[in-house]
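Since the structure comes first, as C-alpha cells, the remarks are kept for the end.
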Amino acid sequence: MPTSDTQVTASTNPLEPGSLSSTERCQSTANCRSPLTGEEWANMKKPKILLVGAGIGGLILGNLLQKSNIPFLIFERARQVKPLDSTMSMGSNLASLFSQIDILDEFKEIGKHMNRKQVFDENLKPIYGMTFTEREKVSGNKEYIVSRPDLYDLLLRQIPKEKINMNQKVLSILQNDLGVMIRCHDGSTHHGDIFVGADGAYSAVRRQLYKDLKDKKKLLKSDKVPLSFSCVCLADQTEVLDPEEFPDLNLPES
C-alpha cells in the first residue's frame, strides 16, 4: 500500500519483441492464469524489503510482511520508541487487517468498544456527536478506542527482535534497476529490492528522495509546496469522572 511516505524500487522485464501485450494475452482465457497456489507462493523468490521507521505504520507493514514470509528489516533512528500516552480511535474497517496478522482477539482485549463519540468544549458543553451503529452493521465489526502504547506493544511483540534495528539513522539511499542500498550513520550498508519510508509526516527519507528528484529535475511542481497544517489537536485522558457529577456516564453506551 504505497503512500506519500513510500518509495518502491522494482524492475520489470520488457516484453519480448513480437510478443502479445498484457491486454491481448488476457483476451484469451487460455493464456490467463489463476492466482498463485500456496505452494507456488512458498517457492517464489521474495523481494527483500528495507523499511525505515518503527512507528505504528512501520510495525503494521512489518507484521504483514512477517505473516507473508517476505524478508524485511526495519531501521529506526531512535534508541527506543516511546509512543504518546494517548488513545486512538480504531475504525471497524481495521478488523480485517488485524485478523490477517492474527492479533484481532488480543486487540479486542486491550481496546474498549465504542459505538458513539461526543465532543465537548472546555466547559463540557456538547459540540457534536456521532454514532457508529450503521457502520458496524455494514462492516460486521465494532469500533474501538485503545491506548496507543498498548497497541504499539501488541504490534511490536509480533515481530522478531532481530528484524528491528534501533539507533540506526539512514544517511543515504542509492537505488537503480538492481535494487536499493542504504547507508546508516554507523557506516553499515544494507541491500534490498524495495525501500519503504515510514518515518512520519516530516519524513527525512522523503526529503532525501525529493532532493534526488529535484537534482534530476523530476520533482513534480505540486511536491515542491511545503507541508501545511492548519489546526492544532490536543489529546489527553481525564482522571476517573464521578457519575453523579457527569450523569451521561450512566448511559448504557458510555
Side-chain angles (χ1 to χ4, degrees), residues 1-6 51 53-68 81-159 196-203 222 225 227-254:
M1 295 179 290
T3 68
S4 59
D5 289 341
T6 303
L51 200 166
I56 286 181
L59 292 186
I60 287 179
L61 177 55
N63 272 264
L64 289 168
L65 295 172
Q66 179 71 18
K67 290 298 180 183
S68 301
V81 176
K82 297 180 180 180
L84 295 174
D85 189 12
S86 61
T87 56
M88 299 180 67
S89 175
M90 311 299 289
S92 56
N93 56 319
L94 289 174
S96 58
L97 168 62
F98 290 161
S99 178
Q100 287 182 56
I101 56 181
D102 295 331
I103 65 169
L104 183 57
D105 291 339
E106 289 184 81
F107 170 76
K108 290 179 178 179
E109 291 178 3
I110 64 174
K112 178 178 174 59
H113 176 220
M114 176 183 65
N115 64 2
R116 70 169 184 161
K117 177 169 66 177
Q118 286 187 288
V119 178
F120 301 85
D121 64 15
E122 66 275 14
N123 297 314
L124 290 183
K125 179 180 179 181
I127 299 175
Y128 75 89
M130 58 190 303
T131 62
F132 306 111
T133 305
E134 292 302 318
R135 186 187 299 182
E136 291 181 357
K137 288 180 180 178
V138 172
S139 67
N141 296 296
K142 296 179 178 180
E143 305 273 329
Y144 283 86
I145 188 168
V146 64
S147 163
R148 188 183 182 99
D150 288 349
L151 175 60
Y152 185 86
D153 289 343
L154 174 59
L155 294 169
L156 184 62
R157 290 199 303 270
Q158 315 307 313
I159 299 178
V196 179
D199 53 341
Y202 296 93
S203 167
S222 59
V225 180
L227 180 64
S228 62
F229 196 70
S230 59
C231 67
V232 176
C233 180
L234 300 178
D236 204 348
Q237 294 172 277
T238 68
E239 299 294 337
V240 178
L241 301 179
D242 183 355
E244 292 186 3
E245 185 178 356
F246 304 104
D248 280 355
L249 294 176
N250 294 313
L251 297 175
E253 304 86 2
S254 298

ask   = So, are Arg157 and Glu106 salt-bridged, with charged N and O less than 4.0 Å apart?
value = yes

note = Of all heavy-atom pairs linking Pro149 and Ser86, the shortest is CD-O, 3.8 Å

query = Do the side chains of Ile101 and Leu64 get nearer than 4.5 Å, heavy atoms only?
reply = yes

key: Thr87 side chain reached by Lys112 side chain, heavy atoms, under 4.5 Å   = no

key: CD1 on Ile60 to CD1 on Ile56, rounded to 0.5 Å   = 7.0 Å

Exercise: identify the closest heavy-atom pair between Ala198 and Leu51 = CB-CD2, 3.9 Å

ask   = Atom CD of Gln118 and atom OG1 of Thr131: how far apart are they, to the nearest 0.5 Å?
value = 10.5 Å

Backbone of Asn115 reached by a side-chain donor or acceptor of Glu143 within 3.5 Å = no

Pairs meeting criterion ring-ring contact (aromatic ring centres under 6.0 Å, His included) with involvement of residues 83-110, two or more places apart = Phe98-Phe107, Phe107-Tyr144

key: Residue list, side-chain contact (heavy atoms from CB on, under 4.5 Å) with Asp242, at least two apart or on another chain   = Glu244, Glu245

message = Could you work out, with salt bridge (charged side-chain N to carboxylate O under 4.0 Å, His left out) as the rule, every residue matching Arg148, not counting sequence neighbours?
response = none

request  = Report yes or no: does Asn63 contribute a side-chain atom to a donor-acceptor pair with the main-chain N or O of Leu155 at less than 3.5 Å?
outcome  = yes

key: Residues in side-chain contact (heavy atoms from CB on, under 4.5 Å) contact with Leu156, at least two apart in sequence or another chain   = Leu59, Tyr152, Ile164

query = Going from CE on Met114 to OG on Ser89, what distance comes out if it is rounded to the nearest 0.5 angstrom?
reply = 3.0 Å

inquiry  = Can you tell me how far apart CG (Leu94) and CG (Leu151) are? Round to the nearest 0.5 Å.
reply    = 9.5 Å

By salt bridge (charged side-chain N to carboxylate O under 4.0 Å, His left out) - contacts of Asp153 (at least two apart) = none

remark   = Distance col, row Ile110:CD1 vs Asp150:CG, nearest 0.5 angstrom, shows 5.0 Å

query = Considering all heavy atoms of both residues, which atom of Asn141 and which atom of Ala95 are nearest to each other, and what is their separation?
reply = CG-CB, 3.3 Å

Contact check, side chains of Phe132 and Lys142, non-hydrogen atoms, under 4.5 Å = no

request  = Can you sort out the partners of Lys67 under salt bridge (charged side-chain N to carboxylate O under 4.0 Å, His left out), two or more places apart, ordered by chain and number?
outcome  = Asp102

query = About how many Å separate OG of Ser68 and CD of Gln100, when rounded to the nearest 0.5 Å?
reply = 8.0 Å

ask   = Is the closest side-chain heavy-atom distance between Gln66 and Gln158 below 4.5 Å?
value = no

